[in-house]
Amino acid sequence: MPPSRTLRTQVGIVGAGPAGLLLSHLLHLEGIESIVIETQTRAHIEERVRAGVLEHGTVDLLNATGLGDRMRREGLVHHGIELRFNGRGHRIDFHALTGRGITVYAQHEVIKDLVAVRTSAGGQILFEVAEVRIEDFDTTAPRIRFQHDGEDCLIACDYIAGCDGFRGVCRPAVPAGALRCYEKVYPFGWLGILAEAPPASDELIYANHERGFALMSMRTPQITRLYLQCHPDEDLSLWPDDRIWDELQRRFATTDGFRLNEGPIFQKGVTAMRSFVTEPMQYGRLYLAGDAAHIVPPTGAKGLNLAAADVFVLSNALAHAFRTGSEARLARYSEICLRRVWRAQHFSWWMTSLLHRFEDASGFDHRRQLAELDQVTSSCAAATTLAENYTGLPFTLPGEYS
Ligand code: RFL
Ligand code: PHB
């Protein structure tokens, strides 16, 4: 069936998460047209509760590209985190160790800023599309088919960016055998809540406790974000608010009587945890970016930041290709991103292994974790390694890469 509506653009972008929207914005700044298609509604993506920590490099990129106004006003700049174990807190001073910090600013706020900037620049984002299929991306004339407003639509483009997350359609559209996937699934998940309560500490607290991991983060000076380790398929109906607070208070308890501030819980969810990498992140004229290409467990706060780093490289390589006709930079896209992705994979796996309770772990394993935490919090070299990775590696462009 011929489509009832045909659109033409330079880059067709599948998915309006941080990767797809930021790519569209960066391309616009390079004078390149794109169309973003998204299965969800605008309200859904602007309210979906996810990440909260922006690396130093992500903050610089948002500021440098005109996306920083609200983040600078409302984001919370942090210069360290606390690691808590054996009933005591130990601060890792990022600023003293690396001269850098992080910014706590919710992912859905970044999304709102991106949608606003794209919309005001006349950018096209088509929400509530269905039946998305990508075709002919092994030729110079790739196409995206989908339904929108009851019509069969087609986007004809020069390149496709697969920014449709872990469960999207782009990665599975690549012929079998062309991509190699590496995966590790963890035997636990995180139960996350948002509560109307002031954070009990100014900085994030990562707690290793014999009952399981817990994390205190925040969204604003009035809203606390909390997570506790649970089963990957935990039944939320077994977790009334009292039980959640009781469990959190136990895991954060210190010998000097620390208490979380409690308040009404207005959001609850369970996230399973996995590590996943696709190699390469490209096939023909399809380029995968963000969660479509890789997933990290949230312990290292890297997922959103990796998505930003990918599209920073991709927008630069696409701009170079449109400007010069040379695909030399695009050819290095995957290699450049994967180096950072594997560093982030290692860091996220390491933070996860250090802080969680593993069901088959012995007393020896727990003691070993505590010894490592002792090292990380007392050795300047070990603390610097954590601080460098947490605040983020520098963003690298194809032209600068060696
Ligand atoms: P997204 O955000 O999943 O966006 C993909 C978009 O594609 C749409 N889509 C489609 N659109 C069109 N056609 C299709 N066929 C489609 N299929 C799907 C989806 O609706 C969606 O809008 O991927 P993207 O852009 O790659 O961004 C990745 C980040 O969202 C993710 O890595 C982070 O949220 C991970 N993460 C964290 N990352 C950090 O950097 N710092 C953190 O502190 C942090 N904490 C977290 C996290 C993720 C969490 N969860 C819930 C998984 C904490 C949690 C609890
Ligand atoms: C969050 O604020 O949601 C958050 C912070 C740190 C993490 C993961 C999530 O490692």
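Note that ligands are numbered from 1 as they come in the structure, with each ligand's atoms numbered from 1 the same way.
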Step through it carefully: locate the ring centre of H78, locate the ring centre of F94, and say whether they are under 6.0 Å apart.
no

Residue-level breakdown please: for E38 versus ligand 1, do any non-hydrogen atoms fall below 4.0 Å on the side chain, on the backbone, on both, or on neither?
both

Sub-4.0 Å heavy-atom contact, G192 with ligand 1
no

With no hydrogens and no angle check, just 3.5 Å: does a side-chain donor-acceptor pair link N63 and R72?
yes

Within a distance under 4.0 Å of any heavy atom of Q40, pick out the atoms of ligand 1 and give their elements.
20 (O)

I244 side chain reached by I193 side chain, heavy atoms, under 4.5 Å
yes

With a cut-off of 4.0 Å, which atoms of ligand 2 are near a heavy atom of V53?
5 (C), 6 (C)

Using side chain to side chain contact (heavy atoms under 4.5 Å, CB included) as the criterion, point out the one residue from R171, H294, Q282 that pairs with L288.
R171

At a 4.0 Å threshold, what atoms of ligand 1 neighbour a non-hydrogen atom of I37?
11 (N), 12 (C)

Sub-6.0 Å ring centroid separation between F213 and H356:
yes

Kindly state whether the ring of F347 and the ring of W342 have centres lying under 6.0 angstrom apart.
no

Does A301, backbone or side chain, put an N or O under 3.5 Å from an N or O of ligand 1?
yes

Is there a side-chain contact between Q147 and D152, using heavy atoms and a 4.5 Å cut-off?
yes

Can you tell me the protein heavy atom closest to atom 45 (N) of ligand 1 and the distance?
A51 CA, 3.3 Å

Quick one: which of D291, L314, I13, L22 gives a side chain to side chain contact (heavy atoms under 4.5 Å, CB included) with C163?
I13

Could you tell me which atoms of ligand 1, counted from 1 in the order shown, lie closer than 4.0 angstrom to a heavy atom of G165?
3 (O), 5 (C), 23 (O)

Establish whether atom 49 (C) of ligand 1 and some protein heavy atom are separated by less than 4.0 angstrom.
no

Enumerate the atoms of ligand 1 whose separation from the nearest heavy atom of V14 is less than 4.0 angstrom.
12 (C), 13 (N)

Heavy-atom distances under 4.0 Å are what count here, so tell me which part of K302 touches ligand 1: side chain, backbone, both or neither.
backbone

Ion pair R243/E247, N-O distance below 4.0 Å
no

Ring geometry between Y227 and W190 (parallel below 30°, tilted from 30 to 60°, perpendicular above 60°)
tilted

Decide, yes or no, whether a salt bridge links R285 with E327 under the criterion of side-chain N to carboxylate O below 4.0 Å.
yes

Looking only at protein heavy atoms, identify the closest one to atom 4 (O) of ligand 1 and say how far it is in Å.
G17 CA, 3.4 Å

Is the closest N or O pair between V132 and ligand 1 shorter than 3.5 Å?
no

Within-cut-off N or O pair, Y390 and ligand 2, under 3.5 Å
no

Among protein heavy atoms, which lies nearest atom 8 (C) of ligand 2, and at what distance?
P298 O, 3.4 Å

Any protein heavy atom at under 4.0 Å, with atom 28 (C) of ligand 1 as the reference point?
yes

Note: R133-E135 ion pair, threshold 4.0 Å (strictly below):
yes

How about Y390 and V53: do any of their side-chain heavy atoms sit closer than 4.5 Å?
yes

Does any N/O atom on V49 come nearer than 3.5 Å to any N/O atom on ligand 1?
no

Closest protein heavy atom to atom 3 (O) of ligand 1, given as residue, atom name and distance to 0.1 Å
R50 NH1, 3.0 Å

If we only count N/O pairs under 3.5 Å, is R48 in contact with ligand 1?
yes

What do you reckon, does D291 have a nitrogen or oxygen under 3.5 Å from a nitrogen or oxygen of ligand 1?
yes

One residue to check: S217. Relative to ligand 2, which of side chain, backbone, both or neither has a non-hydrogen atom less than 4.0 Å away?
side chain

What do you reckon, does A19 have a nitrogen or oxygen under 3.5 Å from a nitrogen or oxygen of ligand 1?
yes

Of R219, M351, R50, K302, the one whose closest heavy atom lies nearest atom 1 (C) of ligand 2 is R219

Just do the side chain to side chain donor-acceptor pair (under 3.5 Å) check on D365 and S362 with the steps written out, would you?
CA-CA 5 Å; D365 295 319; S362 61; 3.2 Å; yes

So which heavy atom in the protein is nearest atom 6 (C) of ligand 2, and how far is it from that ligand atom?
Y206 OH, 3.3 Å

Count the heavy atoms belonging to other residues, nucleotides or ligands that lie under 6.0 Å from CZ of R48, then report whether that count exceeds 12.
yes

Identify, by atom number and element, the atoms of ligand 1 in contact range of G303, meaning under 4.0 Å from any of its heavy atoms.
32 (O), 35 (C), 38 (N), 39 (C), 40 (O)

With nothing but distance in play, are any N or O atoms of Y227 less than 3.5 Å from an N or O of ligand 1?
no

Could you tell me, atom by atom, which parts of ligand 1 come under 4.0 Å of a heavy atom of G52?
42 (C), 43 (O)

Among all protein heavy atoms, pick out the one at the shortest distance from atom 40 (O) of ligand 1; state its residue, atom name and that distance to 0.1 Å.
L304 N, 2.7 Å

T39, V296, V129, V36: member with heavy atom nearest to atom 14 (C) of ligand 1:
T39

Identified ring pair (Phe, Tyr, Trp, His ring centres under 6.0 Å) partner of F276 from the options Y186, F166, Y182
F166

Mind checking whether N305 has an N or O less than 3.5 Å away from an N or O of ligand 1?
yes

Heavy atoms of other groups near H366 NE2, more than 12 under 6.0 Å
yes

Contact partition for Q107 relative to ligand 1, non-hydrogen atoms under 4.0 Å
side chain

Show your working on ring pair (Phe, Tyr, Trp, His ring centres under 6.0 Å) between H209 and F85 and close with a plain yes or no.
CA-CA 6 Å; H209 191 274; F85 54 98; over 10 Å; no

List every atom of ligand 1 that sits less than 4.0 Å from any heavy atom of V169, numbering the atoms from 1 in the order shown and giving each element.
15 (N)

Please check whether G300 reaches ligand 2 - meaning an N/O of the residue sits under 3.5 Å from an N/O of the ligand, judged on distance alone.
no

Where is the nearest protein heavy atom to atom 3 (O) of ligand 2: which residue, which atom, and how far?
Y227 OH, 2.6 Å

W190: heavy atom below 4.0 Å from ligand 2, yes or no?
yes

Would you call E109-R219 a salt bridge at under 4.0 Å N-O?
no

Find all atoms of ligand 1 within a distance of less than 4.0 Å from any non-hydrogen atom belonging to P18, and give their numbers and elements.
2 (O), 24 (P), 25 (O), 27 (O)

The closest protein heavy-atom partner of atom 18 (C) of ligand 1 is D164 O, 3.2 Å

Can you confirm if the aromatic rings of Y333 and Y287 lie within a centre distance of less than 6.0 Å?
yes

State the CD-NZ distance between Q345 and K184, to the nearest 0.5 angstrom.
11.0 Å

For atom 52 (C) of ligand 1, what is the closest protein heavy atom, and at what distance to 0.1 Å?
T271 CG2, 3.6 Å

Counting only heavy atoms, which portion of C163 has something under 4.0 Å from ligand 1: side chain, backbone, both, or neither?
backbone

